[in-house]
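Down below is the structure, laid out as structure tokens.
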Amino acid sequence: MAKPNFHEIEEKIKKFWDENQIYKTKDLSDENIYSVDTPPPTVSGKMHIGHAFSYSQQDFIVRFMRMFKGNVFYPFGTDDNGLPTERLVEKTNNVKSKNMGRQEFVLLCLETLKKIKPAFIQDWKDIGVSCDYNVTYSTIDPQAQKISQKSFVELYNKGQIYKKSFPTIWCPECQTSIAQAELEDKESSTKFSTLKFSCEGKDLLIATTRPEMLYSCVAVFVNPKDERYASIVGKTANVPIFDYEVPIIADESAEIDKGTGVLMICSYGDRFDVDAINRHGLTPKVIMEKNGTINAPGYEGMYVTKAREKILEDLKEKNLIFEQKDITHVVNVHDKCGTAIEFVETPQWFISVIDKKKDLLEQGNKINWYPEYMKKRYDNWVSGLEWDWSISRNRHFGIPIPAWECSCGEIVVAKENELPIDPTTVEKKCPKCNEVMVPETMVLDTWATSSVSPQIATDLVENKIKLPYSLRPQAHDIIRTWAFYTIVKSYLHENKIPWKDIVISGNVSLGGEKMSKSKGNVVDPKAVLEKYSADALRYWASGSKLGSDLDYQENDLVTGMKLVNKILNAANFVFMNLKDYDGKSRPEKLEKVDLIFLTKVELLVKRVTKAFKSYEYSKAKQEVDEFFWKVFCDNYLEIVKKRVYQGEGDKKLSAEYALYHGLLTLIKLFAPIVPFVTEEVYQEHYKKIEGDESIHLSRWPEVKNIEQEELDVVHKWETIVNVVENVRRWKSKEQKAMNSEINLTLLKEELVSLEECLEDLKNVTGAVEIKEGKQFRVDFI
RNA sequence: GGUCUCGUAGGCUAAUGGUAGACCCUCUCGUUUACACCGAGAUGGCGCAGGUUCGAUUCCUGCCGGGACCACCA
């Protein structure tokens with residue numbers, strides 16, 4: 001047989017699935033349908049290996065469920081909303097959204113997306129992700145806009161959304177507020193300077209990394225237990241350079257051994273300052289502009305970093321720096337652009353979550369987490385929340401916030417029948433003072449939309465799929481965002497959990513480290529597909545348990561390829577000898593070995609089904625894999641080979657029956673993991689007899705109860721294999737060929753036990769004669 | 001610093017309160033009526049220290065060492 005061309009086979013199979021709509025949802029009204037809240041990948045050019053990994057894993061589960069339950073809802077979506085898309089569009093078209101009109105930029109985004117999306121989705125089809133691509137949404141299309149805005153309107157009307165001016169986490173580069181969840185840590189080096197404030201003519205030393213914030217200083221904190229400063233509490237400190245007085249306040253939050261033990265409170269240097277100023281009812285003195293420039297006398301219009309340099313020079317000149325050293329510390333940066341964040345007071349929209357921590361923890365408890373310990377990450381996140389969920393973003397591209405505000409303070413949101421709507425295109429008058437209202441120009445945070453992914457998918461199928469969905473598959477790094485926000489929305493809207501089960505996949509690592517562009521240790525799945533095959537890639541992805549990271553090992557791809565090849569070859573052998581077999585005929589009495597083999601297959605079905613049902617696809621794969629190689633190929637095929645070639649009548653028929661059904665079951669068990677090659681075997685050999693259009697639409701093998709007497713018989717398998725292996729070892733040691741003829745001597749109990757299998761045993765060991773003796777022995781002829 | 005997770009052959013990974021199992025690598029052999037993307041055989045392993053137990057790789061504690069998430073900007 002010529003070497004199989006995997007790419008040719010996979011292309012053919014892919015086309016077959018596509019043309020025959022194999023993965024179209026069969027029955028949306030089925031109450032027992034297995035529904036999946038598929039993660040919508042961000043259209044970012046192309047799929048990366050992490051996608052290939054996690055989408056393969058969820059596809060194992062879905063393919064199993066499709067065969068097992070008969071009906072799945074597995075929609076597809078893309079996340080085309082938000083900053084990543086803006087950045088991609090800016091890069092692709094070499095433009096800056098800041099310099100463009102909103103309408104113009106949005107059009108460019110939609111146009112660009114339209115261009116690149118088909119190729120992007122094709123990547124998912126290429127690895128065999130069995131979504132119903134007829135049911136595809138985009139988080140920016142009108143339908144998603146409608147659902148997302150509807151969510152906003154409903155929650156606003158329920159009093160769960162409010163607009164408030166508040167020091168918000170702000171990205172001066174993107175010029176937008178961002179959520180707590182969008183922060184990332186970044187190491188950076190800076191100068192740590194101890195400045196000379198003064199109190200009653202004496203120096204009061206305060207250390208800081210942010211001298212440019214000096215003019216926004218509104219207080220100085222010391223710890224009430226700090227004896228060094230006890231005498232100055234209640235007095236005032238003089239701020240250097242700007243020469244004004246601020247109160248010295250005793251506050252527990254000042255740590256005695258940090259810096260000089262004295263802490264300056266600025267408006268706003270960090271989250272802590274925001275807290276401190278509110279707590280003590282201080283009047284903030286905001287100097288930070290939205291574009292990151294400082295508004296302080298002598299430093300007007302300078303960007304933070306520039307102002308910091310300048311003010312340090314000035315301080316030095318005036319001998320106001322007591323001490324200075326270089327340190328590296330960690331700063332919060334915006335995860336999309338890497339810019340250090342600031343706190344700026346702007347009006348923003350929030351969803352109340354802080355007051356619902358308890359309920360949200362309760363919701364988390366109602367969901368089955370796989371693996372279970374991932375729930376703790378959710379719990380920790382919810383328990384540690386400090387801010388309400390900020391859902392507005394000052395961007396061009398995105399879903400408009402459907403609201404208008406009057407100068408009198410009155411706010412009006414859109415009516416449901418107006419959605420989707422861009423408020424800037426509609427004029428509304430204030431119901432109170434009849435003035436023309438100002439339309440909101442901010443857009444919704446992308447998570448505000450992706451958190452209604454179940455509702456968006458449901459809307460695509462005329463609301464036939466209800467909450468909770470059966471499954472949410474996702475990665476662990478977005479538990480605090482996607483999982484959390486989705487739980488929030490379902491709770492606020494319907495007081496329901498969004499899904500019964502959530503499965504969390506791990507990351508792909510290389511040499512133990514997470515793969516990421518910034519580390520440059522990425523592997524391109526396209527190249528992997530090219531070199532190996534989709535089945536091989538999936539085989540690799542099936543090697544890790546849920547939640548665990550998996551190191552990328554090219555070897556595993558090789559192993560996957562070998563499996564695919566082996567399946568094709570085994571099928572080839574089986575059907576070479578089963579040309580006229582009808583799939584049903586069986587002898588009155590099966591040969592013992594065949595019966596044992598089939599019973600072992602049934603036991604395997606039991607184990608594999610159990611594993612898949614609890615989402616342990618890696619265990620399932622391992623079971624089938626081991627059985628296929630060890631039991632089926634290495635031993636069973638070798639045992640029945642001669643009986644198939646040379647046997648006659650019932651003896652041959654028995655083998656044919658066992659081979660036909662044994663292989664069919666095995667490829668079905670393999671089908672969720674390696675869908676292409678199993679489909680190929682099914683289409684080539686089984687379809688005409690079995691009748692199902694695709695192996696993936698066929699029924700999962702039935703789990704049978706095995707009687708005790710059958711179990712007893714199964715033990716004989718070990719005895720047979722044991723003898724066979726001993727013979728092989730003997731031959732190996734004597735450096736003889738495996739097919740060399742021998743005289744075999746077995747112990748009495750072995751002979752008795754294998755009474756009904758002696759013919760087959762002779763065939764597989766090359767024994768001309770088997771006799772009884774005091775010990776195991778092989779004699780070469 | 002906190003939370004969680006992991007530490008098993010040269011590499012990667014599995015199971016398990018009682019002789020630790022694959023795959024890749026290495027070594028030795030063999031084979032052509034399924035398969036050289038083959039077959040057979042061999043070498044080789046539970047991070048460290050305590051505790052619970054008749055018995056610990058497995059359970060507990062501490063330490064050491066990875067990783068993830070969170071916190072930390074005086």
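First the proteins, then the strands, lettered A, B, ... as listed; each starts at 1. This structure is a prediction, so every number in the text was calculated from the model and none was measured.
Per the geometry, NZ belonging to A:Lys619 stands 10 Å off C1' belonging to B:A14, to the nearest Å. Between the CG atom of A:Leu550 and the P atom of B:A68 there is a distance of 16 Å, given to the nearest Å. When rounded to the nearest whole Å, the span between CD of A:Glu626 and P of B:U13 equals 19 Å. For A:Gln622 and B:A22, the CD to P distance is 11 Å, given to the nearest whole Å. The OH-P distance, from A:Tyr636 to B:G39, rounds to 19 Å in whole Å. One atom, CG of A:Leu637, and another, P of B:U33, lie 16 Å apart when rounded to the nearest Å. Distance, A:Glu725 CD to B:G39 P: 14 Å, rounded to whole Å. The separation between A:Met374 atom CE and B:G67 atom P is 17 Å, rounded to whole Å.
Residues A:His476 and A:Tyr373 keep their aromatic ring centres 6.0 Å or farther apart. Ring pair A:Phe632/A:Phe627: centre-to-centre distance not below 6.0 Å. Proximity of the aromatic rings of A:Phe343 and A:Tyr268 is defined here by a centroid distance below 6.0 angstrom, and this criterion is not met. No close placement of the A:Tyr552 and A:Phe53 rings is indicated, their centers lying 6.0 Å or farther apart.
Between B:A22 and B:G2, the distance separating the two P atoms is 42 Å to the nearest Å. Nucleotides B:A49 and B:G10 have their C1' atoms positioned 27 Å apart, rounded to a whole Å. For the C1' atoms, the distance from B:U32 to B:G67 is 49 Å, rounded to whole Å. Distance check on atom P: B:G45 versus B:C35 gives 37 Å, rounded to whole Å. On the C1' atoms, B:G65 is 15 Å away from B:U8, given to the nearest whole Å. When the P atom is compared between B:C46 and B:U58, the two are found 13 Å apart, to the nearest whole Å. Distance noted for atom P between B:G39 and B:U3: 49 Å (whole Å). The gap from the P atom of B:C4 to that of B:U61 amounts to 11 Å, rounded to the nearest Å.
At the phosphate of B:A42, OP1 or OP2 sits under 4.0 Å from a side-chain N or O atom of A:Arg729. Not one side-chain nitrogen or oxygen of A:Asn726 sits closer than 4.0 Å to the OP1 or OP2 atom of B:G41. OP1 or OP2 of B:C69 has not a single side-chain nitrogen or oxygen of A:Lys375 nearer than 4.0 Å.
We find that A:Arg210 and A:Asp273 are not joined by a salt bridge, their nearest charged nitrogen and carboxylate oxygen being 4.0 Å or further apart. Using a cut-off of 4.0 Å between Lys/Arg side-chain N and Asp/Glu carboxylate O, A:Lys600 and A:Glu718 are scored as salt-bridged.
If you check B:G41, B:A74, B:C73 against the side chain of A:Asn332, the one that comes closest is B:C73. The A:Arg377 side chain lies nearest to B:C4 when the options are B:A40, B:C12, B:C4. Here the side chain of A:Asn739 is nearest to one of B:U32, B:C4, B:A15, namely B:U32. Taking only side-chain atoms of A:Ile206, from C-beta outward, the nucleotide of B:A74, B:G41, B:U32 with the closest atom is B:A74. The side chain of A:Arg728 approaches B:A40 more closely than any other nucleotide in the set B:A40, B:A74, B:U33. Here the side chain of A:Lys566 is nearest to one of B:U5, B:C35, B:C12, namely B:C35. The listed nucleotides are B:A74, B:C73, B:G11; the one nearest the side chain of A:Asp270 is B:C73.
RNA chain B contains the following stems of three or more consecutive Watson-Crick or G-U pairs, with both distances under 3.5 Å: B:1-7 with B:64-70, B:26-30 with B:38-42, B:47-51 with B:59-63.
Among the heavy atoms of the strands lying under 4.0 Å from A:Ala207 are primed sugar atoms or P, OP1, OP2 only; no base atom is included. Within 4.0 Å (heavy atoms only), A:Lys545 reaches sugar-phosphate atoms of the nucleic acid but no base atom. As judged by a 4.0 angstrom heavy-atom cut-off over every strand, A:Asp379 is placed among residues making no nucleic acid contact. Counting non-hydrogen atoms under 4.0 angstrom, A:Phe272 reaches nothing in the nucleic acid. Residue-level contact check: A:Ala254 touches the bases, meaning some heavy atom is under 4.0 Å from a base atom. No engagement by A:Glu554 is indicated, since no non-hydrogen atom pair under 4.0 Å with the nucleic acid exists. A:Phe6 comes within 4.0 angstrom of a base, heavy atoms only.
Cation-pi geometry between A:Lys736 and A:Phe780 is satisfied (NZ or CZ under 6.0 Å from the ring centre, within 45° of the ring normal). The cationic atom of A:Lys285 (NZ for Lys, CZ for Arg) lies less than 6.0 Å from the six-membered ring centre of A:Tyr215 and within 45° of the ring axis.
Surrounding CD of A:Gln683 are more than 12 heavy atoms belonging to other residues, nucleotides or ligands, all under 6.0 Å away. Shown here is A:Phe322, whose CZ atom has no more than 12 heavy atoms of other residues, nucleotides or ligands within 6.0 Å.
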Just the atom pairs and distances: protein N or O near nucleotides 23-29 of chain B's N or O, under 3.5 Å.
unit_1 : atom_1 : unit_2   : atom_2 : d
B:C23  : O2'    : A:Thr559 : OG1    : 2.9
B:C24  : OP1    : A:Lys562 : NZ     : 3.4
B:C24  : O2'    : A:Asn555 : OD1    : 2.8
B:C24  : O2'    : A:Asn555 : ND2    : 2.7

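Side-chain contact, A:Asp625 with A:Trp629: a donor N or O sits under 3.5 Å from an acceptor N or O. Counted by atom type alone, A:Tyr532 and A:Glu554 present one or more donor-acceptor pairs between their side chains at under 3.5 Å. Counting only N and O atoms by type, the side chains of A:Asn577 and A:Lys641 include no donor and acceptor under 3.5 Å apart.
Between A:Glu616 and A:Ala737, it is A:Glu616 whose nearest contact on RNA chain B lies nearer the 5' terminus. Between A:Thr209 and A:Met561, the residue anchored closer to the 5' end of RNA chain B is A:Met561, taking for each the nucleotide with the nearest heavy atom.
You won't find any donor-acceptor pair under 3.5 Å spanning the side chain of A:Lys376 and the base of B:C4, going by distance alone.
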